[in-house]
Amino acid sequence: MGEVNPSCILSEEHRPKHVITEGEGIPLIDLSPITNREGLSSDPNKAVEDLAAKIGEACRTWGFFTVINHGVPLGIRRRIMEVAREFFALPVEEKKKVSRADHNTAGFHNDEHSKDFKDWKEVYDFYVNDGMLMPASHELDDPEIVPWFTPWPENLPEFRETCEEYGRACEKLFFNLLELVSLSLGLPQKRLHGYFENQASFARLNYYPPCPKPELVLGTGGHKDPSALTVLAQEDVEGLDVLRKSDGAWVRVKPVPDSFVINVGDVLQVWSNDLYESVEHRAEVKAETERYSIPIFFHPSHDVTMKPLDELVDEQSPAKYPEYKAGKWLNLRMYNNYKKHGFYMRMTDYKVAA
């Protein structure tokens, strides 16, 4: 990736500029009230209620927040970064042996598009629930359901074990966060658990190589996540920008050692009936420094119906979204991301007309 591929060069309006790097950033939230107790109890105390309120405020105002004292062992968090480096250091021919396919989105790829521009990155995706069931296509009239499996590299003996262990560790964090989100919406803490019994969640190892013209490209272009929540690990190299809701400015997310960045995705935006919003974000690249990040996109089971939760809908706040199958939505977003279609898929495109 020493030369700038013309398909990566952004139009002037999408180029990375005017980023705020000083001042107030996304909220920092300490999860020790729950991690010290190994999770939430069935009867939340004042500390947990306060924590849920902080998360609710972060979801409303930013759609993003950073968590510390999260309970994910630091050893596995560091090992997943190590195996990511080992994988992306392989020759391209080796990486392509585990390439993604049109019918199965896990594996290696370097041809993702954001808003019809090719991203400056390499990626390896794996499923948290390997063998998960998904629609065979995004077409609404196609009823076929198929299993999706991760193609694992054979020449990295600890790679699969590390990825699977990391997925399980982050899954515990996710369910703790999901309960806090439920409480913040005034719902029972396990209200949303059932939607993830056969979850369609997937993790992504991102590698952003140095770029000779970083001002012309983006590692990942501006986008919103299709998930309910995304749990992101990043190192100390900056690059993540968030579109601030209050004024539309791009704000840099400062890396906090051993933390995770959490963001609201499309599914939670629909469930909350727009109380919480999936916010646009992007990843910049550097001229001389490589960057790695690892998000896990926690997504409900394919057969879950996405719609505003009944408890959050009334005459004053009618449902803003029609019903849509979660698996079809994820499949549609995947379809939109890997080909040049001339349009960018957004959840708000499906809002009910006021």
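Computed from a predicted model, the values in this text were never measured in an experiment. This chain uses plain numbering: 1 for the first residue, then up along the sequence.
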What I want to check is whether the side chains of N206 and Y124 have a donor and an acceptor closer together than 3.5 Å. no
Can you pull out every salt bridge (charged side-chain N to carboxylate O under 4.0 Å, His left out) where at least one residue sits in residues 304-316? Sequence neighbours excluded, please. R191-E311, K307-D310, K307-E323
Parallel, tilted or perpendicular: which one describes the rings of F88 and F108, with boundaries at 30° and 60°? tilted
Does L229 belong to the same Ile/Leu/Val/Met/Phe/Trp/Tyr cluster as V270, with side-chain heavy atoms less than 4.5 Å apart forming each link? yes
Name the atoms and distances for all side-chain donor-acceptor pairs under 3.5 Å in residues 152-159, with sequence neighbours left out.
residue: W152; atom: NE1; partner: D130; partner atom: OD2; Å: 3.4
residue: N155; atom: ND2; partner: E94; partner atom: OE1; Å: 3.0

Evaluate the side-chain proximity of C211 to K286: yes if any heavy-atom separation is below 4.5 Å, no if none is. no
Donor-acceptor pair, H14 side chain versus E12 backbone, under 3.5 Å? no
For residues 227-237, pull every pair meeting side-chain hydrogen bond (donor to acceptor under 3.5 Å, both in side chains), keeping only residues two or more places apart or in separate chains. R85-E235, D225-T230, S227-T230, Q234-R291
Quick one, V267 and H299 - any side-chain contact, counting heavy atoms below 4.5 Å? yes
Specify the closest pair of heavy atoms between P209 and V285, including all atoms of both residues, with the distance to one decimal. O-CB, 4.3 Å
Pairs flagged by salt bridge (charged side-chain N to carboxylate O under 4.0 Å, His left out) wherever residues 245-259 is involved - sequence neighbours left out: R78-D258, E238-R252, E238-K254, D241-R252, R244-D247, K245-E277, R252-E284
Could you give me the CA-CA distance, side-chain angles and deciding distance for Y207 and E290, then say whether side-chain hydrogen bond (donor to acceptor under 3.5 Å, both in side chains) is met? CA-CA 7 Å; Y207 169 52; E290 61 186 11; 3.2 Å; yes
Suppose the criterion is salt bridge (charged side-chain N to carboxylate O under 4.0 Å, His left out): which pairs have a residue in residues 295-306, not counting sequence neighbours? none
Out of F297, W148, Y127, which one pairs with F202 under the ring-ring contact (aromatic ring centres under 6.0 Å, His included) rule? F297
Under the 3.5 angstrom rule, does the side chain of R15 hit a backbone N or O of I9 as a donor-acceptor pair? no
Quick one: are Y208 and T220 in side-chain contact, heavy atoms under 4.5 Å? yes
Identify whether I296 and V304 are in the same connected component of the hydrophobic contact network (ILVMFWY, side-chain heavy atoms under 4.5 Å). yes
Can you find a pair of side-chain heavy atoms, one from K328 and one from D142, that are under 4.5 Å apart? yes
Residue set satisfying ring pair (Phe, Tyr, Trp, His ring centres under 6.0 Å) with F174, at least two apart, ordered chain then number -> F196, F298
Does the salt bridge (Lys or Arg N to Asp or Glu O under 4.0 Å) test come out yes or no for E93 and K97, once each step is laid out? CA-CA 7 Å; E93 295 74 20; K97 291 179 180 179; over 6 Å; no
Taking the side chain as C-beta and beyond, is there a heavy-atom pair between L180 and V48 under 4.5 Å? yes
Taking C-beta and beyond as the side chain, do I26 and V261 meet within less than 4.5 Å on heavy atoms? yes
Give me the other members of the hydrophobic cluster that I145 sits in, counting Ile, Leu, Val, Met, Phe, Trp and Tyr linked by side-chain heavy atoms under 4.5 Å, directly or via other members. L133
What one should report as the nearest heavy-atom pair of V231 and L173 is CG1-CD2, 3.9 Å
Hits for salt bridge (Lys or Arg N to Asp or Glu O under 4.0 Å) against E171, two or more places apart or cross-chain, chain-then-number order -> none
F175/H193 aromatic ring centres below 6.0 Å: yes
Between T35 and N69, is there a donor-acceptor pair closer than 3.5 Å when you use the side chain of the first and the backbone of the second? yes
Side chains of Y321 and Q269, donor plus acceptor under 3.5 Å: yes
Between S182 and K190, do the side chains contain an N or O donor and an N or O acceptor separated by less than 3.5 Å? no
With H70, which residues qualify under ring pair (Phe, Tyr, Trp, His ring centres under 6.0 Å), at least two apart? F260
Transitive ILVMFWY cluster of F149 at side-chain heavy atoms under 4.5 Å: who else is in it? none
Taking D119 for its side chain and K121 for its backbone only, find out whether a donor-acceptor pair lies under 3.5 Å. no
Of all pairs that satisfy salt bridge (charged side-chain N to carboxylate O under 4.0 Å, His left out), the ones with a partner from residues 50-64, not counting sequence neighbours: K46-D50, E57-R60
Within the 3.5 Å criterion, strictly below it, is a donor on Y276 or S184 matched to an acceptor on the partner's side chain? yes
How long is the straight-line distance from OG1 of T21 back to CH2 of W250, given to the nearest 0.5 Å? 15.0 Å
Do E122 and K95 come within less than 4.5 Å of each other through their side chains, counting heavy atoms only? yes
Cluster membership besides L28, Ile/Leu/Val/Met/Phe/Trp/Tyr side chains within less than 4.5 angstrom, sorted by chain and number, is I68, V256
Using distance alone, with no hydrogens and no angle criterion, decide if E139 and S137 have a side-chain donor and acceptor under 3.5 Å apart. no
